[in-house]
Number of protein chains: 2
Amino acid sequence: MDNKIVDVAKRAGVSAATVSRVLNDSSLVSEKTKQKVLKAVEEMDYHPHAAAKQLRSQRTMTIGVIVPDIIVSYFSEIIKGIENAAYARKYKVIICDSDNELEKEMEYLGLLSNRTVDGMILVTPFVSDDIIKDYSQKGYTLGVIGRAIDDEVILSCKTNNVQFSEAAVRHLIEQGHKQIAYIGGFSDSMENYERMEGYLKALKDNRIPFKPGLIDSGHFMESGGYEATLRLFERQEPFTAVFTANDEMALGVYRACRERGVRIPEDLAVVGVDNNRITGYIVPPLSTVEQPKYEMGVCLAEKLIDQLNDLNASEQNKYVIESRLIVRDSSNYLRN
Amino acid sequence: MDNKIVDVAKRAGVSAATVSRVLNDSSLVSEKTKQKVLKAVEEMDYHPHAAAKQLRSQRTMTIGVIVPDIIVSYFSEIIKGIENAAYARKYKVIICDSDNELEKEMEYLGLLSNRTVDGMILVTPFVSDDIIKDYSQKGYTLGVIGRAIDDEVILSCKTNNVQFSEAAVRHLIEQGHKQIAYIGGFSDSMENYERMEGYLKALKDNRIPFKPGLIDSGHFMESGGYEATLRLFERQEPFTAVFTANDEMALGVYRACRERGVRIPEDLAVVGVDNNRITGYIVPPLSTVEQPKYEMGVCLAEKLIDQLNDLNASEQNKYVIESRLIVRDSSNYLRN
DNA sequence: TTGAAAGCGCTAACAA
DNA sequence: TTGTTAGCGCTTTCAA
């Protein structure tokens, strides 16, 4: 198992260069030589040393993915898409779980600088656009999922946040709701801005007054949604429906309602975002928005690898994949 | 950004070797020189080239993890444990999602042979013990989670399947059940054998006859649990409780019961395994077994890295972490 | 179509 | 305490 390319060369009666050519599908090798080499490779169970190859070729065939928390299914599904697309192209994926810490994400970005990875995909709201642009300008290849960056090179794949949020809130309005609360995620993340924008648009189109007292946020977490709901209950402003920027926070809404004896959907209609698997099993099943998580992962991984191989010189760098509203019992209740 | 170690050396007025020493915390460098070097490194934004380092040192500081499906929370939580433990020791983690295909797993095992990773952790039932032993004998470092391998070197971390399964079934018996079905996972996986063993033990200790007609299996998947339940319903053998080898399959039981109008827990008590997050939200909440997934990941990653660094010559190589039963409403109903 | 030789960027043995 | 030198195992000119 510790054979080197020269050992194979010796056994096959050729030079190391020839073995290398065979192994890298060079066309300049005669069929006969090729067979000899392949036979030797087989017999010796030879495996080219990855580091040597990487050093010489200056590419690692590896990409990194930074996520805040791999356990959250939103992220693991994206990762799966990335991994599957990478595998099909002989690329490996290094997983970088930041535990929601910017510092850890910055450290992982260093894998670009020391050439551990050929490219990096960020699925996190913490690293700023400027930092990503900096890396891009230094010549590194990177892409983001879930947001877009104002740049000509950096790849991005996101979903139509504004439209589906508008659709979700419009749906609530059609059910007869006029006081609709919004629980956002991180208040400075692009997802959050856009989902709120959709919320506002739906209100505007239906001439429903915007009430700041109905806006709160919960950091995309169950506990955050729970606390936000309790705060909303404390306030004077009544509301009959709530739109949360993701399903996790909607679970928090459910918990708060259970504790306070608020019935869903009779007293309060709820709509989330993600179509987290859990949402189909809870009672009542949660209306939500199906996001193409796996597909976004595949899309960005493919484009990134293309970019690493100069395969998309003239192509676009921003992709949007559509999400769609799924109405379930948590909001399927016509208000008079 | 394309500086090499000699460039730094030049700037600092020392040799490349000295820079290397400083960067690798060698003690043989004077404080003054060290500061000079560090300053140059800083000013030039120098990052050692990973591949060169790897080639020279013959280690990649990377480990691989093979899982059947990263989306399943059982696996993503283990991965998180591995990743976090690895990060703390400056190791990276390459994720290998096999989509339940043995062939893909075999290919990923090749990352050991070509030295892309220093070690590999398998969290999958598909690769046989013999294959793992083969790799180990070739000198590669690997470990498994969820099963144990009869070997002196290969690391393993699992949980006490027999005991907690016995406890789960005993709990059902204490609730007054005498006809208890068992839905297993892959019929040849060690988890499955051991969980079934616990099931049998509980029956034996309580002189409850074993009925083959109450045994079925569902490949650890929701759909499998659903189908197994339907098959059990078809048979003549009546039963009032079911123990499933994981929570996913219990979800399938729920679905089958909903369709057939079988009430949980009044008509059928259900107990699963995993404490999948979902189980606390469904109705009725599912009794299950809390498995230390994250901890198993941490444990094995730490031991594996220790082994890579010859830090555990005399230590054990098999670890068992305890799981415990969580009784919720799905089985909390005393039968007369 | 093949081989010889140089070198990717780093570390470590040896010498000073 | 520091520098010199020799590779780690591969790919890729260049020459034949």
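Because the structure is a prediction, the values reported are computed rather than measured. The sequence lines fix the lettering, A, B, ..., with proteins before strands; numbering per chain opens at 1. When reading the values below, keep in mind they use all heavy atoms of this one structure, side chains included, and skip hydrogens, waters and symmetry mates.
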Rounded interatomic separation in angstrom, taking [atom1] from [X] and [atom2] from [N]:
{"X": "B:Arg56", "N": "C:dC8", "atom1": "CZ", "atom2": "P", "value": "16 Å"}
{"X": "A:Met44", "N": "D:dG9", "atom1": "CE", "atom2": "P", "value": "13 Å"}
{"X": "B:Lys53", "N": "C:dC8", "atom1": "NZ", "atom2": "C1'", "value": "17 Å"}
{"X": "B:Arg59", "N": "C:dT11", "atom1": "CZ", "atom2": "C1'", "value": "13 Å"}
{"X": "B:Asp2", "N": "C:dC8", "atom1": "CG", "atom2": "C1'", "value": "12 Å"}
{"X": "B:Gln35", "N": "D:dT2", "atom1": "CD", "atom2": "P", "value": "12 Å"}
{"X": "B:Arg21", "N": "C:dT11", "atom1": "CZ", "atom2": "P", "value": "11 Å"}
{"X": "B:Ile5", "N": "D:dG3", "atom1": "CD1", "atom2": "P", "value": "12 Å"}

For this session: Select from B:Ser57 and B:Lys34 the residue whose nearest nucleotide in DNA chain D is closer to the 5' end of that strand.
Result: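 On the 5' side of the pair lies B:Lys34.
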
For this session: Look at B:Glu302 together with B:Arg89 and state whether they make a salt bridge at an N to O cut-off of under 4.0 Å.
Result: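 Salt bridge present between B:Glu302 and B:Arg89.
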
Exercise. Does a salt bridge link A:Lys80 with B:Asp69, judged by any charged N lying under 4.0 Å from a carboxylate O?
Worked result: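 A salt bridge is present here (some side-chain N lies under 4.0 Å from a carboxylate O).
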
Kindly say if [X] contacts the phosphate of [N], meaning a side-chain N or O under 4.0 Å from OP1 or OP2.
{"X": "B:Thr18", "N": "D:dG3", "answer": "yes"}
{"X": "A:Ser30", "N": "C:dT2", "answer": "yes"}
{"X": "A:Tyr46", "N": "D:dG9", "answer": "no"}
{"X": "B:Lys4", "N": "C:dG9", "answer": "yes"}
{"X": "A:Gln58", "N": "C:dG9", "answer": "yes"}

Could you work out which one of [options] sits closest to the side chain of [X]?
{"X": "B:Ser15", "options": "D:dT4, D:dT11, C:dA4", "result": "D:dT4"}
{"X": "B:Ala52", "options": "C:dT11, C:dC10, D:dT12", "result": "C:dC10"}
{"X": "B:Thr33", "options": "D:dG9, D:dT2, C:dG3", "result": "D:dT2"}

For this session: With heavy atoms under 4.0 Å as the rule, sort A:Val6 into base, sugar-phosphate or nothing.
Result: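 Nothing, no nucleic acid heavy atom in range.
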
Problem set entry | A:Tyr135 six-ring face occupied by A:Lys138 cation (under 6.0 Å, within 45°) |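 Yes, a cation-pi geometry.
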
Exercise. Checking side-chain hydrogen bond (donor to acceptor under 3.5 Å, both in side chains) for the pair A:Ser73/A:Ser76: CA distance, chi angles, key distance, verdict?
Worked result: CA-CA 5 Å; A:Ser73 68; A:Ser76 61; 5.5 Å; no

Problem set entry | A:Tyr108 and B:Tyr87 aromatic ring geometry - parallel, tilted or perpendicular at 30°/60° bounds |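 Tilted, since the angle between the ring planes falls between 30° and 60°.
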
